[in-house]
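Here the structure comes first, spelled out in structure tokens, and everything after it is commentary.
Computed from heavy atoms alone, side chains included, the values below leave out hydrogens, waters and symmetry copies. Bear in mind the structure is a predicted one, so any value in this text is a computation, not a measurement. Below, chains carry the letters A, B, ... as their sequence lines are ordered, and counting in each starts from 1.
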Amino acid sequence: MELNERILKYLEGRDKVDTLTLASEFNEEHQKIVGAVKSVEALEMVISEPVKSTKWELTDEGRLVAEKGSHEAVLYRSIPEEGIKQADVMKSVPNAKVGFSKAMSLGWIFIDKSGAPLVKHKVESITDTVQDHLNEINKGIDNLTDNLRNDYKKRKLLQEITIKSFLLSKGPNFATSIKKLETDLTSDMLLTGSWKQLQFKPYNFSALGQPPECGHLHPLLKVRSEFREIFLEMGFTEMPTNQYVESSFWNFDALFQPQQHPARDAHDTFFVSSPAVSTDFPMDYLERVKKVHSVGGYGSQGYRYEWKLEEAQKNLLRTHTTAVSARMLFGAARAAFARRKYFSIDKVFRNETLDATHLAEFHQVEGVIADRGLGLADLISTLDTFFSRLGFHKLQFKPAYNPYTEPSMEIFAYHEGLGKWIEIGNSGVFRPEMLLPMGLPEDVNVIAWGLSLERPTMIKYGLNNIRDLVGPKVDLQMVQNNPICRLDK
Amino acid sequence: MLIKEQGDQAGTGVSEEILYRIDIPANRYDLLCLEGLVNGILVFQGKREPPVYKTTKYEDCNSLHLTPATAQIRPYAVAAVLKGVSFTKESYDSFIDLQDKLHQNICRKRTLVAIGTHDLDTIQGPFVYDALPPNELKFKALNQIKELTASELMELYSSHAQLKQYLNIIKDSPVYPVIKDKNGVVLSMPPIINGDHSKITLNTKNVFIECTATDLTKAIIVLDTIVCMFSEYCANKYEVQQCKVFAPDGTYELYPQMQYREELVNVDKANGYIGISESGSQLATFLSRMCLSATCDRDALRVRVPPTRHDVIHACDLYEDIAIAYGYNRIPRVAARGAAAGAQCALSKLSEQLRHECARAGYTEALTFTLCSRDDIASKLGLKIEDVPAVHISNPKTLEFQVVRTVLLPGLLKTLAANKKMPLPLKLFEISDVVIKDETAETGARNERRVCAVYCGRAAGFQYVHGLLDRVCAMLRLPWHQELGYYLRQCEDPAYFPGRCAEVTLQGRVIGKIGVIHPNVLTAFELTNPCSAVEINIEPFV
């Protein structure tokens, strides 16, 4: 018979019974009894009520004493007839210090100082009452006086433990036999129709379900997808940015960034040693770029320095996707002009000092609009729309300096969660010295803005170290737990 | 503020006065010293008229003559004199500080321009700017006790905290620049150090300023900036005496130029550029508040660009100043122009679609670095770097940035190594660009978009990555066919286990590899469980 049925049988003739009683009655572990009770309680066949009782139990040391004798008895027995030096006996048995003092105070041993001091038996035989007591406790017989019990507790031989047990009584569905409960509905049951007679185990709705086996997208790239969608919703066309190696010409010179500009230092830019240079340029355009740098033109004074072709030929890893925007605008100038709205999100590279928020490579988000008569107001309005879709509804702008935009504006947004203004991007109107040499009509202005993909993502997910987001050291568990990206939530 | 800069302790006991942090744009050299900043604010607030800077006639005794030898090392020089200066401790410090800031900033750490300032009453012009071999140049440098040759000075300064960074500018030149007076007293050895003899002090009354340069435009800007800022302390305020600077061929120019340039701005264009509609006279007021005196003449603004504003090189620079004076945050929003048809780049769209397909197939997306070490793409994969068509970086700060990756696999293997605590099997993928050297490309290198996937378990599980490849190809409607679709052709590659590696072909063209990773490669990437991988170029599917 199953244990749970035995319990039901036992309870049949009684009103109440304690699970501890059942344990000793059936000679089973209490834990097992409790388990069986739970299974019938779930069927409302019994009702259990938790109760607490206390009981004395041997400690580990107590169990040792019960088995081998008290420390004083062990010591007593280790002393030979002719006696032994105290130092030797202390070494020969465990817990000799306690044993020795106890045996002395019990008058079992003495120190014979007639010759060299020796420890000798004082009585011929002893009764180890401590061992006897502990053995009784172990069997569940507890006739000790409180004094003695406290003494053993002090000697760390006994401990008082609290036992949680249950008091059982009959439940509404009480019966002495149990119907087997089914865990799940199976196709066999459907086939035979047996599901109509079978009883089903109640389902534990508070437990978690089985996690599905699935793949996962990377958190940063989920944000990238959202940004792409926002640009597409706003009618922007994606630029082909799959060209990490750029010439200095397209990365800097075409943007009217002078050749001595600090950004063109090896401290800031990764130059490429192989393939080291580019030589295939649209030469008439290159001449116009050279002219506007070195002597000016198009209403500009220029930077008035000696512009060097070798400097423009140097290959590098692009420091911004604006290199691609320049190529696109140059291409746009080759055809009859129509309004252009471009965007891109791709990797750029900076030879920067690395820290918790800076890597040598990151994703730049860039938006560009070229149209006749555009102005700062159009830029501000576009930024309003763009950033409100990212969940930033309050923007402020600060003057800034950028060699290829004028006016330039740093973009600040109020972050509701952080409760403060944060810098979220840069923007401006491309300089005429950049646009006119390309051959764009004079009344065409180009507004643009850029930001990194990583920074808003780190703010969104509350990350402090960029290496927790990008690179091989990223915790895949984080990737797998990362929720759907909803930028405005 | 103080707490931010010096730690919590410094903040205690400091007054509650509000401190402002002012960001100076990198092209506003006139705001680098307190004199210029205060002037800018007072003029903006309408409490002061912008100063009018004047030049006075040169004196022949203060001329500077360039010798032909200077062409070998620093070919340009300009000079100016400030008369009747009265320094206080604060203004003296500010004078030195401005030179420091200019040296760091527009002078590009003295490579483009180096400034020397001297007590004119201790020296006698005319002055000579020459270039001499280091051993023929001997003088007592600033704050030195005895005379040393140029070579000795260079040796001495090689351990000097500030000066050592400038030594390389002239170190290997056969001749070093030097400026002397008519008695041979050395004023300076640009761009390293001034002479001790002519050093300026709090008592200096007349200051001789020289700038030597490799870029004349920058030298003119630097000189104009210094003299305009500190002419405030001259006996005749805002007056600067010009110097004749003779070129080696005997022709001369007068410096400082301190030119007021007139720029014409169209009122409608300025309004349109910003998106406001203010009257011409209102725009003129905005400009005048920015120290750019302007008058309105019907639909045009005549703007006098002072010598302190060399950053103004085009009308658009004036539009910006108008916008700043107007206030960026006051510019009204405008309705967006008509709808435009957006479009995705085909390659990006395909990448997005395949990313979702791989994730649906049970693979987790990784995002690894584009830059890596040579070992990552060569020796660790059993290859020699010479045989890998990689783009090499000439100035990497660390080993991690030596090359641009030519293959995605190492990044995924590193990701596996960093995630050993995750339960097996682990299935990862990445869709990203590698860069391959290619002589036919404009820059000599081109990106290639790839998908790479790895499976890592108790067994290598080739069938799983193979299954993913089948799935991706099925989604691209490619049949399993040697000529018409995709196909596997056994090959050998040191990165893969012998006999368990194949080329993936598309209509007969190789587009990638698939196989069981070689145990040597696993060891190189510190992996202890077997892996299989597939990596293919997806550009043919666009």
Fill in the blank from the handout: Bottom line for A:Asn315: the part with an atom under 4.5 Å from chain B's heavy atoms is side chain
Exercise for the section: Could you look at A:Phe362 and say if it's the side chain, the backbone, both or neither that has a heavy atom under 4.5 Å from chain B? Expected result: neither
Handout entry: Closest heavy-atom pair and its distance - A:Leu376, B:Tyr328
Key = CD1-CE2, 4.0 Å
Practice task
For B:Asn395 and A:Phe270, indicate whether the former's side chain and the latter's backbone hold a donor-acceptor pair under 3.5 Å.
Solution key: no
Completion exercise
Scored by heavy-atom pairs under 4.5 Å with chain B, the best of A:Phe349, A:Tyr303, A:Phe281 is A:Phe349
Exercise for the section: Identify whether the distance between the nearest side-chain nitrogen and carboxylate oxygen of B:Glu442 and A:Arg327 falls below 4.0 Å. Expected result: yes
Problem - Over 12 non-hydrogen atoms of neighbours within 6.0 angstrom of CD in A:Glu306 - result: no
Exercise for the section: Considering only heavy atoms and a distance below 4.5 Å, find which of A:Arg224, A:Gln313, A:Met234 pairs most often with chain B. Expected result: A:Arg224
Exercise for the section: Give, as side chain, backbone, both or neither, the part of B:Leu367 having an atom under 4.5 angstrom from any heavy atom of chain A. Expected result: both
Problem - A:Ile369, part contacting chain B, at a heavy-atom distance under 4.5 Å - result: neither
Problem - Minimum heavy-atom distance between B:Phe429 and A:Leu217, given as atom pair plus value - result: CZ-CD2, 4.2 Å
Exercise for the section: For residues A:Pro432 and B:His314, report the shortest heavy-atom separation together with the two atoms involved. Expected result: CG-CE1, 3.2 Å
Fill in the blank from the handout: Counting heavy-atom pairs under 4.5 Å with chain B, the top scorer among A:Val479, A:Leu374, A:Leu469 is A:Leu374
Handout entry: Part of B:Val403 lying under 4.5 Å from any heavy atom of chain A
Key = neither
Problem - Gap between atom CD of A:Glu433 and atom SG of B:Cys316 - 0.5 Å precision - result: 5.0 Å
Handout entry: Spacing of CD belonging to A:Glu361 relative to CG belonging to B:Leu371, to within rounding of 0.5 Å
Key = 4.5 Å
Problem - Reported CD-to-CG distance for the pair A:Gln259 and B:Asp215, which is rounded to 0.5 angstrom - result: 11.0 Å
Problem - Per-residue contact mode, A:Ala266 against chain B (heavy atom under 4.5 angstrom) - result: both
Problem - Part of B:Val391 within contact of chain A (heavy atom distance under 4.5 Å) - result: both
Handout entry: Proximal component of A:Phe397, with respect to chain B [non-hydrogen, under 4.5 Å]
Key = both
Exercise for the section: Please state whether the side chain, the backbone, both or neither of B:Asp433 comes within less than 4.5 Å of a heavy atom of chain A. Expected result: both
Problem - Which atom of B:Thr443 lies closest to which atom of A:Ser278, heavy atoms considered - result: CA-OG, 3.2 Å
Handout entry: Separation of B:Ile274 CD1 from A:Leu379 CG (nearest 0.5 Å)
Key = 12.5 Å
Problem - Enclosure of B:Glu526 CD (heavy-atom neighbours >12, cutoff 6.0 Å) - result: no
Practice task
Working to the nearest 0.5 Å, report the span between CD1 of A:Ile345 and SG of B:Cys345.
Solution key: 12.0 Å
Exercise for the section: Answer with side chain, backbone, both or neither: which region of B:Glu539 has an atom nearer than 4.5 Å to a non-hydrogen atom of chain A? Expected result: side chain
Handout entry: Nearest-0.5 Å distance, CZ of residue B:Phe401 to CG of residue A:Leu359
Key = 7.5 Å
Practice task
Provide the closest heavy-atom pair for A:His216 versus B:Thr364 in the form atom of the first, atom of the second, distance.
Solution key: CD2-OG1, 3.0 Å
Exercise for the section: Using a cut-off of under 4.5 Å on heavy-atom pairs, state which of A:Glu213, A:Lys473, A:Arg339 scores highest against chain B. Expected result: A:Arg339
Practice task
State whether the side chain of B:Lys397 and the backbone N or O of A:Asn351 hold a donor-acceptor pair below 3.5 Å, judged by distance alone.
Solution key: yes
Handout entry: Lys/Arg-Asp/Glu bridge criterion (N-O < 4.0 Å) met for B:Lys421, A:Asp475
Key = yes
Exercise for the section: Give, as side chain, backbone, both or neither, the part of A:Ser408 having an atom under 4.5 angstrom from any heavy atom of chain B. Expected result: both
Fill in the blank from the handout: Applying a strict 4.5 Å limit to non-hydrogen atoms, the region of A:Gln480 in contact with chain B is side chain
Handout entry: Residue B:Ala445 versus chain A: region with a heavy atom under 4.5 Å
Key = both
Problem - B:Gln344 and its side chain to side chain donor-acceptor pair (under 3.5 Å) partner, picked from A:Glu229, A:Glu238, A:Arg228 - result: A:Arg228
Completion exercise
Cut-off 4.5 Å, heavy atoms of chain A, and the answer for B:Arg108 is side chain
Problem - Expected output: side-chain B:Glu352 to main-chain A:Ser225 donor-acceptor under 3.5 Å - result: no
Exercise for the section: Heavy-atom distances under 4.5 Å only: say whether B:Leu426 touches chain A with side chain, backbone, both or neither. Expected result: side chain
Practice task
With a 4.5 angstrom heavy-atom cut-off, could you sort out which part of B:Asp317 is near chain A: side chain, backbone, both or neither?
Solution key: both
Exercise for the section: Below 4.5 Å from any heavy atom of chain A, which atoms of B:Glu430 appear? Answer side chain, backbone, both or neither. Expected result: neither
Practice task
Give the member of A:Pro399, A:Gly296, A:Cys214 that has the highest number of heavy-atom pairs under 4.5 Å with chain B.
Solution key: A:Pro399
Problem - Engaged part of A:Thr382 at the chain B interface, taking heavy atoms whose separation is under 4.5 Å - result: neither
Practice task
Please flag which part of A:Val474 lies under 4.5 Å from any non-hydrogen atom of chain B: side chain, backbone, both or neither.
Solution key: backbone
Practice task
Measure across A:Ser381 and B:Val334 and return the closest heavy-atom pair with its distance rounded to 0.1 Å.
Solution key: OG-N, 2.8 Å
Problem - Whether over 12 other heavy atoms sit under 6.0 Å from B:Tyr464 OH - result: no
Handout entry: Contact winner vs chain B - A:Leu221, A:Asp384, A:Asp265, heavy-atom pairs under 4.5 Å
Key = A:Leu221
Completion exercise
Honestly, the part of A:Asp378 sitting under 4.5 Å from a heavy atom of chain B is both
